[in-house]
Each structure stands twice: as structure tokens, then as C-alpha cells.
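Notes to accompany the following structure.
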Amino acid sequence: MAATVKNPFSHIVEPLDPSDPKKLFFNLSKLGDPRYERLPFSIRVLLESAVRNCDEFLVKHSDVESILNWKQTQTQSVEVPFRPARVILQDFTGVPAVVDFAAMRDAVMKLGGDPEKINPVCPADLVIDHSIQVDYNRKSDSLQKNQDLEFDRNKERFQFLKWGSKAFRNMRIIPPGSGIVHQVNLEYLARVVFNYDGYFYPDSLVGTDSHTTMIDGLGVLGWGVGGIEAEAVMLGQPISMVLPEVVGYRLYGTPDKLITSTDIVLTVTKHLRQVGVVGKFVEFFGPGVAQLSIADRATIANMCPEYGATAAFFPVDDVSVQYLEQTGREEEKLAYITKYLKAVAMFRDYNDVSQDPDFTQVVELDLSTVVPCCSGPKRPQDRIPVSDMKTDFESCLGAKQGFKGFQVPPERHNTVVPFQFNDKEYTLSHGSVVIAAITSCTNTSNPSVMLGAGLLAKKAIKCGLSVKPYIKTSLSPGSGVVTYYLKESGVMDYLFQLGFEVVGYGCMTCIGNSGPLPEPVVEAITKGDLVAAGILSGNRNFEGRVHPNTRANYLASPPLVIAYAIAGTVRIDFEKEPIGINSEGKEIFLRDIWPTREEIQAVERMFVIPSMFKEVYEKIEKVNERWNSLVAPSDKLYTWDPKSTYIKSPPFFDGLTMKLHPPKSIHDAFVLLNLGDSVTTDHISPAGNIARNSPAARYLTSRGMTPRDYNSYGSRRGNDAVMARGTFANIRLFNKFLNKQAPQTLHLPSGETLDVFDAAERYQQSGVPLLVLAGKEYGSGSSRDWAAKGPFLLGIKAVLAESYERIHRSNLVGMGVIPLEYLPGDTADSLGLTGRERYTIIIPEQLTPRMIIDIKLDTGKTFQVRMRFDTDVELAYFHHGGILNYMIRKMSTN
């Protein structure tokens, strides 16, 4: 990361403090270019990286000029390189990354290179947070039992990760039980300004999780990338990105005293979805920002993927520095952070309009207009004011099947199903809450909403309210600090009495690790074909993600999660109907127990203190005794165990040679799947439970596994045999060939309906290439490299869609799968495509970025599409058969 003699900008290097001449920085203010101070603050971070790393090879002088000239180049699809300061991973995406690194070492050695060149060259932190599930809840020992089960299920994966931390330099593992990756990043890992190798420079990162953007709330530029792209960054390859437009989002006004940060972020999400910010940076400014805590800003930045932007940046200001002080960062670091950022004009005063930079466009939100809200029932951008929840759900019941519809016949809207639970009779109906989870870094990182939930629980208990025992309640904080201040403030006992005891430190329900529902509840839902509800303080609520038996899932603030749990249904108007009736027969309304912002802030000031953060994080890497005692091999090359069902050497590099072959046209491809809009990475590569009747289950059974040993797809991402079989295995996948939701497709030559893997296998045995047809926003949702690796292993050569989610398109490119896009105005319907045709994709020998090519059908029809290789670098990856092949050949040559 340090400067070299070749750097043409070495003349602006100077000491940050004249008394310490060995600590240097690139003083961008000395560029003497008036364009610099008009740049958005986020673009200044890209510029600094380009200036510092300029070597006229990977980063050129012309790249620096392109960034400086952002006002003109932002709309010209100009490609620039970016070298982030670090990489962050979680275990679901981290395990396959380490598997790839281990396999790449083997491949480099086979090609005559030095395998140890496969090694991170920038700091990489991997936080184990995705493995724990809510198997136990509502008991004082739930946490210990869930953590024990997590270790028993994942011991092999954890041993492999521990091997990785020894075998690879610059890789740190944060053990299970520590917290959620993005909250740990915010409270502990974030540097804000790096002091490394004699230079100061802005902290920046990419992560293998789409919610990496949470760190933008602290003024650290970061976003999610595919695991494949992150691996290349770890090996020293800059990200090749199109210089983005930057939407300025001006906040002003004062939020109502009953409003939470969750209400604000759900409002922002819906608004920016309407504005259209896909592929753009959003940068927040205006006097309203100064009123938001860092936790509030981080909540807004966390949900950046849900509104479609690449990054959601809040430049550093005094509030940022106060947060660093509150979270126990050293005074020496605070001093140089402030001094450096002011020296390079990256320190913000949100009340000073003279600092407002140029933006591509400006949109505004008056915080005083925000009302309490939720989002759902199937997408995070579908915001609903709490006052409208009852009527909205009831309209969704009868509406046509879709994002806002369940297509339940009118005569079944009031179905009631009685059932027995713990020797008492209860009833379920449409809208009954069966899961209520305070979960996810989006909200558990925010003391105001967590303490708000605790204070609401306290008032509810004192009013004699309770939560029905069959509702699966849980509290999964994003770090040990949360438990600390909930206990110290005296609200934890009240949360426990309502069923919200700590069940684990990890993502849990937010990523589908919600564990089983009570069997009588499942039977009642199935018997009545009920649209049961889940309420969670998470960031994703796509169909089939939270739990197979909750068809309606709503994102809500932690206090609202408790409120709906007490009510037991989403079919309630809190303004007009009581949340419950106490033992004395008195009606209690939500307004009677809702805490005000002033009440919450008073408790926060008293109990969220620096010593808590220091105490928790000083021991974070050593506190887990089972992790400490775990024995892992120390060899530089991994010894693959052929009996393992968790870790397997992938076939991606089988037969790889140094010789490049020119790209060839794809002839007579069959369509494997004909899909619609908003197909998510959860549809393509689910992370949750492995169904007992699935191809993956059959494979595991053949290896001696019983259903209780299956674990989840997410936990088995180190095994390609499981993951290929799990591709398109989501029960909520809607395939136009079948005109219903099922993880199946039509094998066109035979006319048989088969599981998707079985159909693909049959096509591969016949030597037939495959294609996927899709609509808008293909690959939206979580950053998931297996959503590209899986299709690659199924023999899918290309995807033809109306549009792509940014990270998923990048992952397809990384695996050598061609992302094709209909030309404007064209769709499958407008072109009369049924998916039953055979497709020949004409690929010329000479390719250029975003090139238009022909597709010929066996019907005689020809139409044109755009190849979504957006940069020359992406074309280079394609010529090599993917980014990892490119890196292996590069490392073997050097």
C-alpha cells in the first residue's frame, strides 16, 4: 500500500506531523486542483486510493485524472481501479473463499508456480456469525445449548477456518459467539484512518456480504462484492469499477419523539427505490444528518442493498469521532484520525452548506414526515405505515399471487384453526404471528432501538401483558456489548419474561437460521393453509428466507417486534385496538407502553459507556474456549479428506492449463429455467434448511447422513457437491414452465418434471449447453458467490435477463457465465419467447465492453442482446474462463 519511486504523485507526500517525519500522507489538497473540493466526499476516497497506488501499471495517471474529472466522467461509463484498504468476510462466504484459496494453491503448484503466492496481501478479517441457529429459545440455557449445537454441527468447518488463519498471512478469524460481522466491524475492526507501513490513508473495504455498507455510516467507504471478486482483491488485484454517479440525499427537519431509526431507514429505502439508485453511490448531507447518531446512520447505511445503491456514505464528522471515543478507541488514534481527515478535506460539518459538494442529483427527506412503519410482506422496499398494517395485510390476502398478494379465496380469509400447545388450546388464523425475532446487525447495533425494546418490555410486564408461549421469540444481539448494557440498565429481565432471552450472537433469524417451529404450530398452519407471519428486526424478508412456514414476513423496529408478539397478529390497528387485556380485564394500548426518544436517550447516556466496549473487545479473539481448544493442521497445502461432507476440493480448476482458448459461440442451448422478476440469490442458492426430499438430501443420505445431520445449505458452502444440488432448490422459486412455485423444472426433450439439479444433470450427460431466462433485478438480495458457482456447475453458460443486481452480475462474470441483457424495450414477452426454443448465442472473436450480439433461435427468429461485460478487465476474466483462473495463471507466471 505504500508509495513507490514510480509514483508520479510522490511530490505531494509530506508528514502529517512535522515532529514525526516518518509518518507520511498524500496531501490531496496540494494537488492544486480546484475540482478536488467540489468532489463528493465518497469520490475523494476513490481518488486518494488511486493517487497513493499510482504505479502506471495497475493504476495509471489517467485514472487519477478520470476521478478528478468526475463531474464530466460520471455519466460516461469510465472504468477506474480501486484498491480497498482491507477485506471483510463472514463464514458462509468466507469458507468457500478459503476453499478456493486452498484449491488455487494446489492449481498453482500443478502449473509449476509457488503456491504460497496465493496469500492475502491486504488485511482480511473473517467473523464467524452465520452458523448459529435458533434451535432453543425461551429458556435460560438457550444460549449455551445453541452455541454447543453450533460447534457440534460445524466443528469440521471451524477446523478448516482455523487452518486458514494459520496457513494464510494477513487473515484474522473472529471466533463464533462474538457477534455479527457488520456490528463487530463498526464497534471494533474499523480503523477510519489507516496508519500502516509509514502512511496514513482512509480506511476502506469490500466485503463478501451485501450489508458491508453498514460501515459507510461511520465514514468508512465500503460495499459488498462477490466472494470471487473479494478473493482477487485479497491477492492484490484492484477492483475494476465504473465511476459511479453520486446521489446527494439531503436530510432536514426533526423526527417525532416516537420515531425510531428503523422507521427512518424503511422510509429511505422505499424513497430511494422510487428514485432509482442502482449502481450509484448515495451520499448523505444536510442539517438532519447532524441529529443522527452513528448507530442511526449505520442502520440507514446497512440497508443500502435494499434500495439498490452501491454505497450509502456518511462522511466523518464530530459525531463520528465521539462514537469512536464511546466505543473505546485510543485517544492517540482519535487525534490522528481527525488531523488527517481535516488535512485532506474529508472531515464534514453537516451544518456548513459551503462544504456541500457537487452531486449528480439531489433528493430530500424531511425527517418530521417519517411515521412508524414496517416493510413487507415479501420485500424490504414495500413500506407500510403501522396505522395501515391491518388493512394492508387483509388486502394482500386476496390479491393476486405476487409481492403484495397471496391469492387466498375470500371465503377462507377468516379461517381459524384450533390446536393444543403445552396442554392448552390456542387458535391460529391468517396473520397470526408465529416468529418474533429481535435480530440482525441492522438494528441490534443501535442502542436506542434495543433499549427502546427493553423499556417497552418493562412497561408491558408492569401492565400485565405477555406473549403467547407458542410464538417463537428470540433475541440475537450483534455483539456482547448489547447484552452488557441491556443487563446494566435493568431491562434484560423484562425481555426474558416476554420470551426474548439471548439465544446466540449471530445473524440467526435474519438469514433463515430461525430453527424449527413447534410441531403443533406447523400442523395448524398446514391444516388451514394459513398465511402465518414472522416479525423481525432484520433487513431481508424475501419469500422462503425467514422460515418455510411464514409466508408473510415483516421488517420492523425491535420495539415493534415485541408489540406484534404481544398482540399475536399483524391484523391489528394499534391506534384503535388494544394490544392486550391484562388480568384485571383492562384494555392496554400500544401508546400506553411506548417509550419516548427522551426516555431512551436518558438510559443510553447512563449505560452505554466506553468501558463496556473495551471489556468485551479486549478478549474477543480468545473468549471462546471451544475455539481455543480446536486443533487444526498447520500445513501450507490443505490435505483434503475425501470422506468430508463439509469441505471438498472444488472442480473449478480441473484440467486448467496456461493456454488460453478463444471464446466460442454457444450452440443450440436449452432453457433450464424460465423465471420472472426479482429472482433473488435466495431463490438461486438458498442458505436455509435442506429439505428432506431434495437432491442435496439424497446426496447426504448416500454419504451416511441422517436428516438431523443435514445442517443448512449455508453451512455446507465448502462442498460443491451439496451446493450444486442446492442450486435453484428454494421451494418458493416460481418457474414459468410449471406455472407454480417449486424447486423443479421441465426437462424439455422428455417433457418430464424434475428437480432442477436432476434436469441439469440429464442435459449435461447429453452434452447440451444451458441458458436461464429471467426478468428484472435478477440476483437481487444477498451477496452470494454460490448463486454464480452453482449455475456454472449445472452447465449454465449464460443468463438472459432484463436487468441484474450489481454484485450478482459481477459474480457471474467471475465464474465465466455470460450475463446477457435485453435491449431497452425488449422482454421475453415482447419477443414472443416461450423458453422452449433452442438458443444459439453468437460470440465474436473480438469483444468490447457492453457489446451488442445476436441470438438465433431454432425457430428462425434472430434478436439482439447486450453482453454485460462492462469493462476491459471483465472481458479479460471471461477470456480466462473466470477471475480465479486469471489469478492462477497470473500467479503461476510471476
Side-chain angles (χ1 to χ4, degrees), residues 87 89 91-121 124 126 156-171 173 208 226-237 632-658 685 714-727 784-794 811 813-817 877 880-894:
V87 173
L89 311 99
D91 55 304
F92 270 17
T93 51
V95 167
V98 179
V99 166
D100 287 347
F101 271 24
M104 289 170 77
R105 278 193 170 179
D106 293 344
V108 168
M109 192 169 77
K110 286 176 186 174
L111 291 176
D114 177 4
E116 288 208 47
K117 285 186 177 177
I118 301 295
N119 206 78
V121 296
L126 191 157
E156 194 178 330
R157 294 171 65 241
F158 293 169
Q159 280 180 317
F160 176 69
L161 287 175
K162 200 160 190 181
W163 166 80
S165 68
K166 293 178 180 179
F168 299 107
R169 296 186 303 276
N170 269 333
M171 181 176 283
I173 307 285
T208 57
I228 305 155
E229 195 172 4
E231 291 165 33
V233 172
M234 290 162 72
L235 294 173
Q237 190 77 2
S634 55
D635 303 337
K636 294 300 181 185
L637 293 176
Y638 188 70
T639 304
W640 306 96
D641 179 1
K643 296 178 182 176
S644 174
T645 57
Y646 278 102
I647 307 298
K648 178 177 175 290
S649 181
F652 305 136
F653 316 123
D654 291 354
L656 183 68
T657 66
M658 294 299 291
S685 183
S715 67
R716 294 202 179 264
R717 286 183 184 162
N719 186 315
D720 63 272
V722 174
M723 296 310 296
R725 288 165 173 80
T727 304
R784 198 162 290 177
D785 58 345
W786 267 108
K789 289 175 175 175
F792 170 83
L793 292 177
L794 294 188
N811 274 333
V813 171
M815 287 307 300
V817 177
Y877 296 157
H880 280 265
I883 193 171
L884 301 184
N885 294 357
Y886 171 88
M887 293 305 301
I888 288 169
R889 289 189 176 107
K890 180 180 176 183
M891 295 292 179
S892 301
T893 304
N894 291 343

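Numbering starts at 1 and runs along the sequence shown.
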Distance in Å, [X] [atom1] paired with [Y] [atom2], rounded so as to fall on 0.5 Å steps:
{"X": "Ile173", "Y": "Lys162", "atom1": "CD1", "atom2": "NZ", "result": "10.0 Å"}
{"X": "Leu884", "Y": "Phe652", "atom1": "CG", "atom2": "CZ", "result": "8.0 Å"}
{"X": "Lys636", "Y": "Ile118", "atom1": "NZ", "atom2": "CD1", "result": "14.0 Å"}
{"X": "Asn719", "Y": "Ser649", "atom1": "CG", "atom2": "OG", "result": "10.5 Å"}
{"X": "Leu656", "Y": "Arg889", "atom1": "CG", "atom2": "CZ", "result": "4.5 Å"}
{"X": "Arg716", "Y": "Met723", "atom1": "CZ", "atom2": "CE", "result": "11.0 Å"}

Derivation and outcome, side chain to side chain contact (heavy atoms under 4.5 Å, CB included), residues Gln237 and Lys890: CA-CA 11 Å; Gln237 190 77 2; Lys890 180 180 176 183; 2.8 Å; yes

Just so I know, are the side chains of [X] and [Y] near enough to count as touching, which here means a heavy-atom distance under 4.5 Å?
{"X": "Pro115", "Y": "Leu637", "answer": "yes"}
{"X": "Ile647", "Y": "Asp641", "answer": "no"}
{"X": "Arg717", "Y": "Val95", "answer": "no"}
{"X": "Thr893", "Y": "Met658", "answer": "yes"}
{"X": "Phe101", "Y": "Leu235", "answer": "yes"}
{"X": "Val108", "Y": "Asp114", "answer": "no"}

Quick one, Lys110 with Phe653, criterion side chain to side chain contact (heavy atoms under 4.5 Å, CB included). Give me CA distance, side-chain angles, the key distance, then yes/no. CA-CA 10 Å; Lys110 286 176 186 174; Phe653 316 123; over 6 Å; no

My understanding is that only one of Thr727, Ile228, Asp720 makes a side chain to side chain contact (heavy atoms under 4.5 Å, CB included) with Lys789; could you say which?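 That would be Ile228.
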
Which atom pair, heavy atoms only, marks the closest approach of [X] to [Y]?
{"X": "Ala788", "Y": "Val817", "value": "O-CG2, 4.5 Å"}
{"X": "Pro96", "Y": "Asp91", "value": "CD-O, 4.2 Å"}
{"X": "Arg157", "Y": "Gly714", "value": "NH2-O, 4.4 Å"}
{"X": "Pro650", "Y": "Val99", "value": "CD-CG1, 3.6 Å"}
{"X": "Glu231", "Y": "Asp100", "value": "OE2-OD2, 3.0 Å"}
{"X": "Asn119", "Y": "Ala167", "value": "OD1-O, 3.9 Å"}

Worked verdict on Val722 versus Thr645 for side chain to side chain contact (heavy atoms under 4.5 Å, CB included): CA-CA 8 Å; Val722 174; Thr645 57; 5.7 Å; no

Taking NZ in Lys166 as the centre, count heavy atoms belonging to other residues, nucleotides or ligands within less than 6.0 Å. Is the count above 12?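 Yes - once you tally the heavy atoms of other residues, nucleotides and ligands closer than 6.0 Å, there are more than 12.
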
Before giving the answer on side chain to side chain contact (heavy atoms under 4.5 Å, CB included), spell out for Met171 and Val98 the whole-Å C-alpha distance, their side-chain angles and the decisive distance to 0.1 Å. CA-CA 10 Å; Met171 181 176 283; Val98 179; 4.2 Å; yes

Hey, do the aromatic rings of Phe168 and Trp163 have their centres closer than 6.0 Å?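 Ring centroids of Phe168 and Trp163 are less than 6.0 Å from each other.
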
Classify the ring geometry between Phe160 and Trp640 as parallel (under 30°), tilted (30 to 60°) or perpendicular (over 60°).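 Correct class here is tilted.
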
Okay, side chain of Ser892, backbone of Ile888: is any donor-acceptor separation there less than 3.5 Å?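 Yes, the answer is positive, given that a donor and an acceptor are paired below the 3.5 Å cut-off.
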
